[in-house]
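First the structure, in the form of structure tokens, and then the observations on it.
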Amino acid sequence: MTGDHAAATRTRLLEVKGLKKYFPIRRGLLQKVVGQVKAVDDVTFFLNQGETLSLVGESGCGKTTTSRCILRAIDPTAGQVLLEDGGKMIDVATIPAGELRSLRRQMQMIFQDPFSSLNPRMTLLDIVGEPLLVHGVGSPQERTDRVVELLRLVGLRPEYMRRYPHAFSGGQRQRIGIARALALNPRLIVADEPVSALDVSVQAQILNLLLELQERLGLTVLFVAHDLSVVKHISERVAVMYVGRIVETAPTEELFASPRHPYTEALMSAVPKPDPRLRSERIVLQGEVADPANTPPGCHFHPRCRYAQAVCSQKAPVQEEIAPNHFVRCHRAAELSLRGVARLRGPASGP
Amino acid sequence: MSGDAKTLLSVRNLRTCFYQDEGTTKAVDGASFDVHEGKTLGIVGESGCGKSVTAQSILRIVEAPGRIVDGEILLTRPDGGVTDLVQQKPDGREMRAIRGGDIGLIFQEPMTSFSPVHTVGEQIIEAVLLHSKVSRKEARLRGIEVLKSVGIPKPERRIDEYSFELSGGLRQRAMIAAALSCNPRLLIADEPTTALDVTTQAQILDLLRTIQRERGMAIMLITHNLGVVAEMADDVVVMYLGRVVEQGDVDAIFHDPKHPYTKALLQSIPSIDSKPRIRLPTIQGSIPHPFNRPPGCPFHPRCTAFIAGRCDKEEPQLVPVGDGRQVSCFLYAPAAAGTAP
């Protein structure tokens with residue numbers, strides 16, 4: 001991967017089709033199932049080799065559950081998670097548990113909280129080397145050499161490898177987490193809110209590191225986040241989720257410049273812009289995010305939507321490709337003209 | 001630069017330290033700023049910059065090993081008199097009347113700041129009874145009224161609910177209602193929207209603006225989110241490791257930052273209106289642990305404009321740089337023996 005974005009011949013690495021994950025609500029002595037929390041409700045998207053797709057949405061929209069289903073950390077209720085492996089598409093969702101281990105080498109995760117995701121009783125060497133040990137890679141000496149290499153790769157000094165996580169700052173710990181995720185040379189990295197626990201000045205360092213590593217190692221990244229500014233910064237394509245469904249997927253600049261789903265529009269307008277001259281009329285959504293245990297009929301967003309019509313509360317919209325690579329789930333997508341983030345600024349914007 | 005607005009609260013050279021076995025943490029080390037009537041002052045900084053301890057010092061709720069060691073916190077009272085809060089007993093009659101009365105407080109996490117074993121209403125009524133001579137019945141009516149004013153639907157029912165029965169957004173509204181119940185003239189909001197989603201955040205910020213317009217209340221908004229500051233504040237104070245590094249009006253801070261830290265911070269944030277997938281300029285290193293505070297200017301090990309022999313030896317002071325702005329940096333300070341600014 002040399003950052004050659006023009007190459008249209010990218011192969012699919014991951015294809016998620018009709019993914020569903022329902023959690024049962026149990027009550028009473030006999031633990032009878034009285035309802036379902038539809039955390040993920042019919043999610044379909046794909047990831048090409050070497051690209052970054054962001055999954056963005058507010059808390060409880062199902063973005064983390066989606067990523068956990070992809071890694072098969074939990075079993076999905078329905079749907080397919082197809083991972084390309086040696087020219088074949090293998091369904092991670094249904095593969096027998098015994099065959100999972102080899103697939104897991106190809107998919108690794110970076111966690112949100114660098115404080116709770118590292119074992120305080122293990123040294124850096126143990127933490128970063130553990131995936132190698134679990135998968136039986138190399139001799140002890142080879143593993144140590146690999147850890148040294150990984151620490152350098154993420155910008156940490158290998159001399160520190162016998163230290164414990166408490167000796168490191170939040171940003172450095174996140175680097176340790178990234179080194180661990182890279183240990184087995186995975187093809188797919190699922191990064192779940194990797195910078196949201198960090199200070200602003202450290203956030204930029206980690207984002208730069210992720211961009212750099214991706215280019216060097218040709219990684220494919222599924223970036224799960226709620227911060228739209230970060231999402232805009234890191235991804236090539238963005239998928240917006242609302243209450244268990246992806247409502248819009250599009251190339252980053254296109255999504256931000258001309259959103260086609262009313263929720264995307266409202267979400268972007270709600271983000272406070274770090275420029276007092278841009279204080280503008282914001283679309284303030286009324287009411288609350290729908291409860292996934294008791295979802296509204298039809299389109300999940302209709303009770304809060306400014307453009308809702310009768311059909312929106314009766315029929316759930318289906319995902320349609322409205323422009324090349326631009327998927328929307330809205331009855332009125334074709335007729336609405338929505339507001340995006342108009343102005344584009346350069347990297348080091350001054351006065 | 002806040003026009004002719006009168007000063008409501010003036011913090012002068014505040015120093016708050018925590019004395020622990022491991023050493024002394026200078027959480028706030030000589031902070032000075034003013035809050036003007038009816039205006040919003042944004043206090044920005046990353047973790048460990050002392051923004052929350054500053055708020056705790058103003059309300060005199062700094063916890064045990066911590067103590068205010070120096071400085072003045074001058075509050076203008078409704079009768080025009082001035083009270084120095086540092087001289088008050090933290091649990092004295094005067095301070096208790098000010099806390100919740102003159103100054104209201106909203107915390108970051110409404111889940112942990114409400115008691116889970118009392119209804120939201122009981123907690124608001126308690127505050128009202130403490131600060132005004134009204135009957136319980138009147139206090140309850142005031143509670144319902146204030147819940148309604150922050151946009152909580154069916155306030156007469158919600159008042160008897162517990163905080164865990166409310167959603168995050170409603171809980172933060174209830175928190176604001178509690179803070180407003182005694183008509184404070186200053187509202188200190190410590191990261192009021194950090195735990196909320198963006199669309200809920202937009203609702204809460206909108207609410208704060210409306211309340212401020214209606215009541216003419218001053219707001220001291222403490223946050224790490226530069227976007228929130230840009231949207232809300234009239235004046236901005238930027239803090240780093242317990243010190244005020246720069247202050248001025250919001251447009252000046254965002255469009256003509258002076259201090260190298262402010263400049264670097266503004267450049268390092270990814271913005272929703274910038275180009276995707278570019279390398280962000282970064283601030284090297286990380287925030288030092290408060291025990292290993294660098295000598296001289298606390299920012300010098302990470303600063304690109306570092307002057308060897310000066311920044312690592314002497315501590316810069318806040319100096320005026322025109323237009324009511326102040327910067328604490330040797331780039332703007334005349335040489336030690338030079339002319340006064």
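By convention in this document, chain letters (A, B, ...) are assigned in the order of the sequence lines, proteins followed by strands, and residues within each chain are numbered from 1. Just so you know, these numbers come straight off a predicted model, no measurement behind them.
Residue B:Lys26 places its NZ atom among 12 or fewer non-hydrogen atoms of other residues, nucleotides or ligands, all under 6.0 Å distant. For A:Arg157, the CZ atom is loosely surrounded, since the number of other residues' heavy atoms within 6.0 Å does not exceed 12.
Heavy atoms closer than 4.5 Å to chain B are found in the side chain of A:Glu212, but not in its backbone. For chain B, the nearby parts of A:Val200 are the backbone and the side chain; heavy atoms of each come within less than 4.5 Å. Heavy atoms closer than 4.5 Å to chain A are found in the side chain of B:Gln201, but not in its backbone. Proximity to chain A (any heavy atom under 4.5 Å) is shown, for B:Ile283, by both the backbone and the side chain. Residue A:Leu285 touches chain B through both its backbone and its side chain, counting heavy-atom pairs closer than 4.5 Å.
Of the listed residues (B:Ile253, B:Asp234, B:Asp251), just one forms a side-chain contact (heavy atoms from CB on, under 4.5 Å) with A:Pro276, and that residue is B:Asp251.
Taking both residues in full, the closest heavy atoms of B:Pro270 and A:Ser229 are given as O-CB, 3.2 Å, listed atom of the first, atom of the second, then distance. Taking both residues in full, the closest heavy atoms of A:Arg279 and B:Ala233 are given as NH2-O, 2.6 Å, listed atom of the first, atom of the second, then distance. B:Phe254 approaches A:Pro274 most closely through the heavy-atom pair CD2-O, 3.3 Å.
Side chains of A:Asp275 and B:His255 form a contact here, defined as non-hydrogen atoms less than 4.5 Å apart. Two residues are said to be in side-chain contact when any heavy atoms from C-beta on lie closer than 4.5 Å; B:Pro276 and A:Glu253 meet this criterion.
A donor-acceptor distance shorter than 3.5 angstrom exists from the side chain of A:His233 to the backbone of B:Ile278, with no hydrogens or angles considered. Remark: the backbone N or O of B:Leu196 is not paired with any side-chain donor or acceptor of A:Glu58 at under 3.5 angstrom. Checking side-chain atoms of A:Asn208 against main-chain N and O of B:Arg279 turns up no donor-acceptor pair under 3.5 Å.
Looking only at heavy-atom pairs under 4.5 Å with chain A, the residue among B:Ala264, B:Gly48, B:Ala202 that has the most is B:Ala202. In terms of heavy-atom pairs under 4.5 Å with chain B, the best-connected choice from A:Val284, A:Val202, A:Leu267 is A:Val284. Each of A:Asp227, A:Thr252, A:Val271, A:Val289 has some count of heavy-atom pairs under 4.5 Å with chain B, and the biggest count is that of A:Val271. Of the listed residues (A:Ser59, A:Gly171, A:Ala266, A:Ser169), the greatest number of heavy-atom pairs within a distance under 4.5 Å of chain B belongs to A:Ser59. Taking B:Lys263, B:Arg302, B:Met232 one by one and counting their heavy-atom pairs under 4.5 Å with chain A, the maximum is reached by B:Met232.
Checked by atom type, the side-chain pair B:Arg277/A:Ser235 shows no donor-acceptor distance below 3.5 Å. Judged purely by distance below 3.5 Å, without hydrogens or angles, the side chains of B:Ser268 and A:Gln203 never pair a donor atom with an acceptor atom. With 3.5 Å as the limit, one finds a donor-acceptor pair spanning the side chains of A:Ser201 and B:Glu46. In the model, B:Ser167 has a side-chain atom that pairs as donor or acceptor with a side-chain atom of A:Glu288 under 3.5 Å.
The structure places CG of A:Leu207 at 6.0 Å from CG of B:Leu280, a figure rounded to the nearest 0.5 Å. For the atom pair A:Gln286 CD and B:Gln203 CD, the distance stands at 6.5 Å (nearest 0.5 Å).
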